[in-house]
Amino acid sequence: APKGVALTHANLSANIDAINGPAGLMTRADDVGVSWLPLNHDMGLVGMALGAMYAARPCVLLPPQTFVKRPAEWLRALTRHGGTISFAPSFAYDLCVRRIKDADLEGLDLSRWRVAGCGAEPIHPPTLAAFARKFAPVGFRETSFLPSYGLAEHVLAATFAPRGRPLRTENSLVSCGGPLPGHAIRIVDEDNQPLLPIALVADE
């Protein structure tokens with residue numbers, strides 16, 4: 001029995017401001033987004049397209065079909081446009097590992113890719129580790145990974161891991177960090193009763 005959730009322009013602005021802000025992407029004037037995510041998905045629409053518009057920075061949009069057919073095109077676009085920010089679900093990093101041949105690495109330069117966001121589905125540490133190993137020779141840094149947790153009824157992002165640190169895992173679960181500034185999280189049961197004694201509130 002799905003229920004619709006009304007999101008206001010204030011909700012949208014608050015979430016995008018937190019995503020782009022110091023505790024989020026710390027968006028800079030020289031940032032360039034590159035995305036193949038569909039615009040009917042919150043991570044593609046809000047995180048990549050609208051986030052770039054709010055920050056007045058460029059974002060290159062590829063058709064999703066291009067990535068699915070030829071995953072290397074995502075990395076070529078990052079190289080060609082000097083992409084610094086790009087998000088994708090875990091399966092996309094896995095597809096790159098499996099489908100991009102060593103010969104296709106020639107000409108790639110991922111050294112400017114400072115935020116490689118990952119969310120929208122369970123994050124598999126071995127997948128991200130394999131991606132980092134495979135693309136380290138063309139400049140990719142494992143510390144560029146940014147695990148995140150979001151939900152569409154919250155606009156998009158609820159938590160980000162701190163930027164620039166290695167993945168933190170426990171029992172094969174990847175830490176997605178704490179709430180973004182101005183956001184709070186409560187973990188409740190089916191009766192809306194808290195399962196933790198306090199809500200998780202971001203440090204302002």
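FYI, the numbering just counts along the sequence from 1.
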Measure from the side-chain N and O atoms of [X] to the backbone N and O of [Y], and report whether any donor-acceptor pair falls under 3.5 Å.
X	Y	result
Thr84	Val32	yes
Asp189	Asp191	yes
Glu142	Pro166	no
Ser13	Ala10	no

Is any side-chain heavy atom of [X] closer than 4.5 Å to a side-chain heavy atom of [Y]?
X	Y	answer
Trp74	Cys96	yes
Pro63	Glu73	no
His41	Leu37	no
Arg98	Leu95	yes
Val174	Phe145	no
Asp42	His154	no
Ile19	Leu156	yes

Worksheet entry | Between Asn15 and His183: side-chain donor-acceptor atoms closer than 3.5 Å |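 The criterion, which ignores hydrogens and geometry beyond distance, is satisfied for His183 and Asn15.
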Worksheet item: How about Thr27 and Tyr54: does a side-chain donor come under 3.5 Å of a side-chain acceptor?
Response: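 Thr27 vs Tyr54: no donor-acceptor pair found between side chains.
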Any idea which heavy atoms bring [X] and [Y] closest together, and the distance?
X	Y	value
Met43	Ala88	CE-C, 3.8 Å
Pro71	Ile100	C-CD1, 4.0 Å
Gly24	Leu180	CA-CD2, 4.4 Å
Ala52	Cys59	CB-CB, 3.5 Å
Pro122	Ser90	O-CB, 3.4 Å
Ala55	Asn20	CB-ND2, 3.8 Å

Discussion item. Can you confirm whether or not the ring centre of Phe140 sits under 6.0 Å from the ring centre of Phe131?
Written reply: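 Yes, ring centres under 6.0 Å apart.
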Say whether [X] and [Y] are linked into one hydrophobic cluster, either directly or through other cluster members, by side-chain heavy-atom distances under 4.5 angstrom.
X	Y	answer
Met53	Leu12	yes
Leu173	Leu128	no
Leu45	Leu62	yes
Leu61	Leu75	no
Ile16	Leu39	no

Please set out all donor-acceptor pairs under 3.5 angstrom arising from side-chain atoms of residues 110-120, sequence neighbours excluded.
from: Ser111; atom 1: OG; to: Asp109; atom 2: OD1; distance (Å): 2.7
from: Arg112; atom 1: NH1; to: Gly82; atom 2: O; distance (Å): 2.6
from: Arg112; atom 1: NH2; to: Asp30; atom 2: O; distance (Å): 3.3
from: Trp113; atom 1: NE1; to: Val115; atom 2: O; distance (Å): 2.9
from: Arg114; atom 1: NE; to: Asp31; atom 2: OD1; distance (Å): 3.0
from: Arg114; atom 1: NH1; to: Leu25; atom 2: O; distance (Å): 3.2
from: Arg114; atom 1: NH2; to: Leu25; atom 2: O; distance (Å): 2.8
from: Arg114; atom 1: NH2; to: Met26; atom 2: O; distance (Å): 3.0
from: Arg114; atom 1: NH2; to: Asp31; atom 2: OD2; distance (Å): 2.8

Discussion item. Arg99 vs Asp104, test: salt bridge (charged side-chain N to carboxylate O under 4.0 Å, His left out). Steps then yes/no.
Written reply: CA-CA 10 Å; Arg99 296 264 303 276; Asp104 296 327; over 6 Å; no
Worksheet item: From Thr159 OG1 over to Tyr149 OH, what is the distance, rounded to the nearest 0.5 angstrom?
Response: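 Between atom OG1 of Thr159 and atom OH of Tyr149 there are 8.5 Å.
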Discussion item. Nearest 0.5 Å, please: how far is CZ in Arg186 from CG in Leu195?
Written reply: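 So the CG of Leu195 and the CZ of Arg186 are separated by 10.0 Å.
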Worksheet item: Which of parallel (below 30°), tilted (30 to 60°) and perpendicular (above 60°) describes Trp36 and Phe67?
Response: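 The arrangement is parallel - the two ring planes meet at less than 30°.
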Discussion item. With side chain to side chain contact (heavy atoms under 4.5 Å, CB included) as the test, pick out the partner of Val155 among Thr8, Leu7, Leu50.
Written reply: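 Among Thr8, Leu7, Leu50, the one that satisfies the side chain to side chain contact (heavy atoms under 4.5 Å, CB included) with Val155 is Leu7.
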Discussion item. By the definition side chain to side chain contact (heavy atoms under 4.5 Å, CB included), identify the one residue from His81, Arg80, Met48 that meets it with Val60.
Written reply: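 Going through the options one by one, the only one that passes is His81.
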Item to complete: Begin with the C-alpha distance, continue with both residues' side-chain angles, and end with the deciding distance and a verdict on side-chain contact (heavy atoms from CB on, under 4.5 Å) for Ser148 and Ile123.
Response: CA-CA 9 Å; Ser148 57; Ile123 301 172; over 6 Å; no
Worksheet item: Checking side-chain contact (heavy atoms from CB on, under 4.5 Å) for the pair Asp94/His124: CA distance, chi angles, key distance, verdict?
Response: CA-CA 9 Å; Asp94 178 60; His124 298 288; over 6 Å; no
Discussion item. Taking atom CZ as the centre, does Arg168 end up with more than 12 heavy-atom neighbours from other residues, nucleotides or ligands that are less than 6.0 angstrom away?
Written reply: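 Result for CZ/Arg168: open.
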Fill in: Step-by-step side-chain contact (heavy atoms from CB on, under 4.5 Å) determination, Arg163 to Leu146
CA-CA 6 Å; Arg163 293 182 319 277; Leu146 178 64; 4.3 Å; yes
Item to complete: Decide side-chain contact (heavy atoms from CB on, under 4.5 Å) for Ser35 and Phe87; before the verdict, give the C-alpha distance in whole Å, the side-chain angles of both, and the deciding distance to 0.1 Å.
Response: CA-CA 7 Å; Ser35 178; Phe87 274 69; over 6 Å; no
